[in-house]
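Note sheet for the following structure.
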Amino acid sequence: MSSHRQLLYIAIAVAIAIPALTKTDTGQGGAGDVSPAARQLHERAIVVDTHDDTPQRLLFEKGFDIGVRHTNGNIDVPRMREGGLDALFFSIWVPSDVTGPPAVKRSLDLIDSVREAVRTHPNDLVLATTAADIRRAAGEHKIAALMGMEGGHMIDDDLRLLRDYAALGVRYLTLTHFKNNNWADSSTDKPAHNGLTPFGKDVVRELNRLGVMVDISHVADKTFYDALEITKAPVIASHSSCRAISGSPRNMTDDMLRALAKNGGVVMINYEVSFLSEEYRVASDKKSGNVVVQLDAMSKKCGGDEACSTLESARVNREAMEKGELPKVSWEKIIEHIDHAVKVAGADHVGLGSDFDGATMPFGMDDASMMPRITDALLKKGYSSQDVEKILGGNILRVMEQVERVAVGGTRAPSGK
Ligand SMILES: [Zn+2]
């Protein structure tokens with residue numbers, strides 16, 4: 001090749017590389033390494049994340065504005081825009097040891113904080129309760145804000161409260177959190193009910209009737225199988241990963257993944273490092289007790305300010321990984337879990353449930369802006385664009401539509417439109 005031509009090739013190569021460099025330099029999500037084809041597909045797809053704990057910040061952090069960019073945490077409007085996130089389920093979560101009327105009051109405060117965040121950011125956010133709402137929001141270039149309730153104890157053993165929450169816009173109920181409640185066993189507690197009690201089964205029936213998704217993340221294996229037996233609609237795991245890769249009881253076994261697929265449901269992969277990496281989980285348990293013990297300790301340290309305890313634990317864990325005190329977990333581990341779940345359950349039954357703002361993120365998936373990396377990695381693995389679109393959001397939209405069809409009567413809140 002002549003030196004003249006060589007120079008020309010170099011000039012062309014530099015010209016092609018410049019836009020990508022500019023993107024990285026301007027902090028465009030730190031995902032500047034994503035191929036143009038992946039970026040296009042990611043932009044075109046409706047991207048849904050079914051589990052984000054940002055309401056703790058909305059409630060506890062005075063002056064927290066979701067509309068501006070933050071240097072901590074994982075979620076805000078600018079970073080969701082950069083990451084092409086079209087819809088997210090804000091988690092309405094109250095710790096398992098807050099029960100009775102105080103849990104109900106806290107739940108209502110969290111629901112209010114989400115609704116107020118939407119009301120005060122009308123150009124960016126819109127309240128959504130149905131799959132059609134999500135599609136409409138995407139068409140209007142707004143981010144659809146949905147709500148999922150994480151922990152059956154928040155209904156205070158009362159179906160009337162469940163109906164009230166549904167009317168306020170809650171669209172899934174995680175049957176338990178880290179501890180058992182009065183009607184369902186958790187995966188991280190000693191079995192007390194052998195799965196679901198008769199009232200627990202009524203809760204599942206009422207969820208079906210209301211068009212609220214049954215979420216089996218966190219529940220004991222027996223609770224999962226009981227719920228599957230009762231439900232008339234597909235169920236979801238809003239934020240769970242694969243137990244074949246990390247042995248946490250919070251993750252799903254291959255048998256559970258197959259049963260979920262048979263039910264038509266979808267497992268939304270969780271990015272928390274201890275659920276992604278067995279090596280990390282074992283080392284972390286040895287260092288400071290299991291994830292439940294760690295969270296309890298941090299909550300006490302932060303005086304019950306749950307935004308503080310989550311952000312602090314994430315900071316401490318990331319620091320320990322950086323210092324080499326704990327094995328470093330990289331974002332590619334998310335792809336490993338997605339791929340495993342797809343192999344076991346099929347591409348129609350897998351999605352994304354990050355646990356952003358509620359967990360320790362792996363390196364390279366530091367916040368919502370980095371989500372296009374997932375699309376890029378799946379394409380590079382040979383996934384078809386159709387399958388990638390399903391995983392990014394198509395599957396959960398399909399489940400929502402099925403759950404809506406199963407619902408009889410309606411207590412759906414107006415969608416904010
Ligand atoms: Zn959770």
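Remember, it's 1-based here, ligands and their atoms both numbered in the order they're listed.
- With D124 as the partner, the salt bridge (charged side-chain N to carboxylate O under 4.0 Å, His left out) test is satisfied by one option alone out of K142, R81, R79: R81.
- A perpendicular orientation is assigned to the rings of F356 and Y271, their planes being inclined by more than 60° (bins at 30° and 60°).
- R57 has no carboxylate O lying under 4.0 Å from a charged side-chain N of E306, or vice versa, which leaves the two without a salt bridge.
- Between L162 and L210 there is a side-chain heavy-atom pair separated by less than 4.5 Å.
- Each protein N/O/S atom under 2.8 Å from the Zn ion (ligand 1) was counted, for a total of 3.
- In this structure, the side chains of V68 and D76 stay at 4.5 Å or more apart for every pair of heavy atoms.
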- Message: One pair to check against ring-ring contact (aromatic ring centres under 6.0 Å, His included): F64 and H70. What are the steps and the verdict?
- Response: CA-CA 9 Å; F64 175 80; H70 296 263; 4.4 Å; yes
